[in-house]
Amino acid sequence: MFKTYRRSAARLAAAGIATGLLAAGAIAGAGAAVAAPTDGSPSATGATAKLDGLESDKADQAVVNPGTRDSYKVGAGLFKMTVDGGGTIETYCIDFHHHTADNATYNEVAWDKSTLAGNPNAGKIAWILNNSYPKVDVASLTNTLKAADVKLKDGLTPGLAAAGTQVAIWHLSDPDVKVEAKNRDAKALAEYLDSHAQTLDEPKSSVTLDPPAVSGKSGDRIGPITVHSTSDAVDVKLGDGVPAGVKIVDKDGKAITGTVKNGTELYFDVPAGTADGTANVTVSATTEISIGRAFSSVDVSSQSQILAGSQSTTVTAAATLSWAKKGPIPALSAEVVCAKNGVDVTAANQGDEDFTFELGGKSYTIAPGKSQTVTVPVQEDQKYKIDITLPNGQVKTFEGVLDCKTATTPSTPTPSATPTPTGNAPSPATSGSTTGGTDLAETGSSSATPMIAGIAVALVVLGGAAAFFFRRKKNTTA
């Protein structure tokens, strides 16, 4: 039996990347979220999966603070996740200080958008994943240890192999934690893996659309959006309800239908005179997600994971295009940037008139064909709320939690964040604290340790998504 841990407070996961489009000064919502989605929509940045929990037959125990009065036991081993589109994956924890939330939704993200951001040992973790269980079966792993003159007492089982591998990963992902496998043979495996680990490159995304949104004038060729995938057979299509004549083309205007390859650039022809609007473009690929890809929770606070084993599955990604006949045609986006400890809010204007918006009490004007980025500092492990007031009186709100570290250094909370625009003076914005709760499953951390920093999320939300939404400003009368 594994130890049952106290339920911990939960918070909204970071809206790592939130993107929406406006056309001709009016909202042209994308209609569907394209990232790790609480509403079931596909992400623009990789696979989406739901956490099923720790696999009891592929786990054992580890001891934290061994040999001290403060020692305690935790479960250590493989987690199972169900991928949207079918199939399952297995993962290890790379975020000891957090609990796992039951049925949390995760999105596949780059290392710099997870708790591996800035971790010099990330490549060594990838080596361990590619040279230990379950990528390497127990029999082969045992032979490797014998060849290295590692003495085993009773021999490895799947549970012990998983526990030893998890502990070795924790030594690199959470070096502040003193943890060792309870079983002698699992401990020997962890020591072998840590002492032999080499640095590997970050694996490629299963499927990604970059950027997650584009905009332009009807009558012009809009784009490109580049398809990145580990598969060279990627299906591409426009969503339902697209106006007649709108089509996907290459840079020369030749229609693209059916299957495209990794690296293909997608452009969009929107006939002149087409009513202002938006459309979704969706790509899907049948592929195995690369071992070593990071997964971050997007709907609740839950510890970051890293891929250890994958079945072939259908991975879907989506992006949005928006067009208008004239006027400002801006695209607003917000992206968590762990290196800056904050959120970059970017406005790009593809129209023929200036686009003006307000952020933190300061007005910004973006000329046609230009863009500007404003960095809003956010305190680690704290909920933030960033309001952008649009010319039509509507307010676009970005909310989330900055979660880029596995552990935080105590600091004095700041009552507000200060956005720093590129080339402009700083101005105030808002930030806040989190509330709420959730049932949390046993894993890594226990009630004996604080629940601190967690996951940096690359969450893309277009239009009416849960983490990125519009609300209409109330009118006042004299």
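Residues passing the ring pair (Phe, Tyr, Trp, His ring centres under 6.0 Å) test with Phe268, sequence neighbours excluded: none. Listed by chain and residue number, Asn130 satisfy the side chain to side chain donor-acceptor pair (under 3.5 Å) test with Lys135 (two or more places apart in sequence, or in another chain). With sequence neighbours left out, Lys340 forms a side chain to side chain donor-acceptor pair (under 3.5 Å) with Asp344. Looking at residues two or more places apart in sequence or on another chain, you find a salt bridge (Lys or Arg N to Asp or Glu O under 4.0 Å) between Lys217 and Asp352. Every residue was checked against the side chain to side chain donor-acceptor pair (under 3.5 Å) condition with Asn121, not counting sequence neighbours, and none meets it.
Remark: Glu353 CD to Ile329 CD1 distance equals 9.5 Å, nearest 0.5 Å. In this structure, the separation between CD1 on Ile169 and SG on Cys93 is 9.0 Å, given to the nearest 0.5 Å. Distance OH/Tyr267 to CD1/Ile248: 14.0 Å, rounded to 0.5 Å. Atom CD1 of Ile291 and atom CD of Glu90 lie 10.0 Å apart (nearest 0.5 Å). In this structure, the separation between NZ on Lys50 and CE on Met81 is 10.5 Å, given to the nearest 0.5 Å. If you take OG on Ser205 and CG on Asp210, they are separated by 10.5 Å, rounding to the nearest 0.5 Å.
Residues Ile289 and Leu307 approach most closely at O-CD2, 3.1 Å, considering heavy atoms. Here the closest heavy-atom approach between residue Ser290 and residue Pro203 is recorded as CB-CB, 3.6 Å. For Val249 against Ala255, the heavy-atom pair with the smallest separation is CG1-CA, 4.0 Å. Across all their heavy atoms, Pro377 and Thr375 have their closest contact at CD-O, 3.4 Å. Across all non-hydrogen atoms, the minimal contact from Ser173 to Asn119 is CA-ND2, 3.8 Å. Taking all atoms of both residues into account, the shortest heavy-atom contact from Ala319 to Pro211 is CB-O, 4.2 Å.
The aromatic rings of Trp170 and Phe96 stand perpendicular to each other, their planes meeting at an angle above 60°, with 30° marking the opposite boundary.
Checked by atom type and distance alone, the side chain of Asp276 pairs as donor or acceptor with a backbone atom of Lys325 at under 3.5 Å. Listed for the Arg293 side chain is no donor-acceptor partner under 3.5 Å among the backbone atoms of Ile306. Of the possible polar contacts, one joining the Trp111 side chain to the Gly292 backbone as a donor-acceptor pair under 3.5 Å is found. Ser302 places a side-chain N or O within 3.5 Å of a backbone atom of Ala101 that can act as its donor or acceptor partner. At least one donor-acceptor pair closer than 3.5 Å links the side chain of Asn349 to the backbone N or O of Ile366. The closest donor-acceptor contact from the side chain of Thr373 to the backbone of Val345 lies at 3.5 Å or more, if one exists at all. In this structure a side-chain-to-backbone donor-acceptor pair under 3.5 Å is missing from Asp112 to Ala117. Here the side chain of Gln350 pairs no donor or acceptor atom with the backbone of Gly216 at under 3.5 angstrom. A donor-acceptor pair is defined here as one N or O able to donate and one able to accept, closer than 3.5 Å; such a pair exists between the side chain of Asn262 and the backbone of Ser229. Judged purely by atom type and a 3.5 angstrom limit, His97 has no side-chain atom pairing as donor or acceptor with the backbone of Val177.
With contacts defined as side-chain heavy-atom distances shorter than 4.5 Å, the pair Ser312/Thr286 qualifies. Counting heavy atoms from C-beta outward, Gln372 and Tyr364 have side chains that approach closer than 4.5 Å. Contact of the Val227 side chain with the Leu266 side chain is registered, since non-hydrogen atoms from C-beta on lie closer than 4.5 Å. With contacts defined as side-chain heavy-atom distances shorter than 4.5 Å, the pair Thr313/Glu288 does not qualify. Under the 4.5 Å side-chain criterion, counting only non-hydrogen atoms from C-beta, Thr165 is in contact with Ile128. Between Leu359 and Ile386 the shortest side-chain heavy-atom distance falls below 4.5 Å. Contact annotation: the side chain of Ile89 never approaches that of Gln311 to less than 4.5 Å [non-hydrogen atoms, C-beta and beyond]. Between Leu390 and Phe355 there is a side-chain heavy-atom pair separated by less than 4.5 Å.
A side-chain donor-acceptor contact under 3.5 Å links Thr356 and Thr365.
Sorted by first and then second residue, the pairs that involve residues 231-257 and meet side-chain hydrogen bond (donor to acceptor under 3.5 Å, both in side chains), not counting sequence neighbours, are Asp235-Thr259.
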(message) Applying side-chain contact (heavy atoms from CB on, under 4.5 Å) to Leu54 and Leu78, what does each step give before you reach the verdict?
(response) CA-CA 6 Å; Leu54 193 67; Leu78 281 166; 5.9 Å; no
(request) Start with the C-alpha distance between Gln305 and Thr91, add both sets of side-chain angles, then the distance that settles side-chain hydrogen bond (donor to acceptor under 3.5 Å, both in side chains), and finish with yes or no. (result) CA-CA 6 Å; Gln305 303 282 317; Thr91 59; 2.7 Å; yes
(request) Evaluate the criterion side-chain hydrogen bond (donor to acceptor under 3.5 Å, both in side chains) for residue pair Thr230 and Thr287; output intermediate values, then yes/no. (result) CA-CA 7 Å; Thr230 52; Thr287 186; 3.0 Å; yes
(request) Please report the C-alpha distance between Val281 and Val236 in whole Å, then the side-chain angles of each, then the deciding distance to 0.1 Å, and finally whether the side-chain contact (heavy atoms from CB on, under 4.5 Å) criterion is met. (result) CA-CA 7 Å; Val281 57; Val236 56; 3.9 Å; yes
(request) List the steps, then state whether side-chain contact (heavy atoms from CB on, under 4.5 Å) holds for Thr48 with Glu108. (result) CA-CA 6 Å; Thr48 300; Glu108 177 192 351; over 6 Å; no
(message) For a side-chain contact (heavy atoms from CB on, under 4.5 Å) check, start with the C-alpha distance between Val109 and Phe295, then their side-chain angles and the critical distance, and finish with the verdict.
(response) CA-CA 6 Å; Val109 298; Phe295 278 77; over 6 Å; no
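Each of Thr320, Leu209, Leu321 was scored for a side chain to side chain contact (heavy atoms under 4.5 Å, CB included) with Val214, with one residue passing: Leu321.
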